[in-house]
Amino acid sequence: SSAGREIAHGDERVKMRAAFVLALGGLAARGARGLAAPRTKLPARRVVVTCSPCGAKLFKYAKGNGAGSRLVKCWDERIVEDWTEDKETCPSCGSTFARRTLVRGRPASKIISGKVRVK
């Protein structure tokens with residue numbers, strides 16, 4: 001009957017899911033990473049990030065994606081020159097332009113919208 005086939009088909013799905021989970025568990029046990037490693041070579045394009053209210057230079061950054069895209073987060077390893085003390089407040093006017101966080105296990109600064117300019 002069709003009900004018997006559906007149950008048998010459902011059992012196959014359960015077995016396939018179990019096999020998949022076991023395979024993933026084996027990868028984790030062997031030390032394989034779930035995410036790709038970041039590129040070791042920095043992007044060629046350098047931009048100077050300045051404070052929007054006062055115009056002070058904050059840092060020089062190796063920006064990877066397109067020229068027209070805005071700056072949303074800054075990976076610490078891509079900061080080429082740093083003129084700030086803590087990577088989140090302007091040394092000149094003291095305004096907070098970013099929040100420190102971990103993104104995909106790597107330290108980064110999430111930029112507050114409208115607080116910086118990119119040249």
Side-chain angles (χ1 to χ4, degrees):
S1 74
S2 64
R5 275 188 250 134
E6 286 180 23
I7 293 172
H9 191 64
D11 289 342
E12 284 182 34
R13 286 185 186 159
V14 170
K15 287 178 186 176
M16 288 176 64
R17 282 189 185 140
F20 183 72
V21 169
L22 285 174
L24 285 179
L27 285 175
R30 288 193 299 268
R33 292 187 59 208
L35 300 171
R39 293 183 180 142
T40 55
K41 184 180 175 186
L42 291 177
R45 182 170 172 244
R46 302 288 190 260
V47 294
V48 176
V49 179
T50 59
C51 179
S52 191
C54 71
K57 286 184 178 182
L58 300 174
F59 50 83
K60 190 180 282 188
Y61 184 69
K63 188 160 171 30
N65 53 354
S69 63
R70 60 193 190 105
L71 198 62
V72 177
K73 68 178 151 299
C74 293
W75 303 103
D76 283 4
E77 64 229 24
R78 288 189 178 184
I79 294 176
V80 181
E81 287 182 58
D82 191 5
W83 297 293
T84 65
E85 294 172 17
D86 60 357
K87 293 186 174 82
E88 63 183 22
T89 57
C90 175
S92 177
C93 67
S95 67
T96 303
F97 65 87
R99 291 183 194 92
R100 301 292 297 152
T101 184
L102 281 177
V103 180
R104 294 184 219 132
R106 295 162 45 202
S109 295
K110 287 211 152 176
I111 304 297
I112 300 169
S113 180
K115 295 284 191 163
V116 297
R117 288 194 182 128
V118 179
K119 296 178 186 175

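Since the structure is predicted, the reported quantities are computational estimates derived from the model, not experimental observations.
Within the structure, no pair that satisfies the side chain to side chain donor-acceptor pair (under 3.5 Å) test touches residues 41-54, not counting sequence neighbours.
Legend: residues meeting salt bridge (charged side-chain N to carboxylate O under 4.0 Å, His left out) with E88, ordered by chain and number and at least two apart, are absent. Here S69 pairs with K63, N65 under the side-chain contact (heavy atoms from CB on, under 4.5 Å) rule; sequence neighbours left out. Partners of T84 according to the side-chain hydrogen bond (donor to acceptor under 3.5 Å, both in side chains) rule, which considers only residues two or more places apart in sequence or in another chain, are D82. T89 meets the side-chain contact (heavy atoms from CB on, under 4.5 Å) test with D86, T96; sequence neighbours excluded.
The closest side-chain heavy-atom distance from K119 to V47 is not below 4.5 Å. No side-chain heavy atom of C51 sits less than 4.5 Å from a side-chain heavy atom of S92. When side chains are defined from C-beta on, R78 counts as touching L42, because their heavy atoms get closer than 4.5 Å.
To the nearest 0.5 Å, atoms SG (C90) and NZ (K57) are separated by 13.5 Å. For the atom pair CZ of F97 and SG of C74, the computed distance is 8.0 Å after rounding to the nearest 0.5 Å.
Listed for the Y61 side chain is a donor-acceptor partner under 3.5 Å among the backbone atoms of W75.
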Side-chain atoms of residues 106-115: list all donor-acceptor pairs with protein atoms under 3.5 Å, sequence neighbours left out, distances to 0.1 Å.
{"from": "R106", "atom 1": "NE", "to": "E77", "atom 2": "OE2", "distance (Å)": "3.1"}
{"from": "R106", "atom 1": "NH2", "to": "E77", "atom 2": "OE2", "distance (Å)": "2.6"}
{"from": "S109", "atom 1": "OG", "to": "K87", "atom 2": "O", "distance (Å)": "3.4"}
{"from": "S109", "atom 1": "OG", "to": "R100", "atom 2": "NH1", "distance (Å)": "2.7"}

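In terms of hydrophobic clustering, with Ile, Leu, Val, Met, Phe, Trp and Tyr side chains grouped at heavy-atom distances under 4.5 Å, L58 and V118 are assigned to a common cluster.
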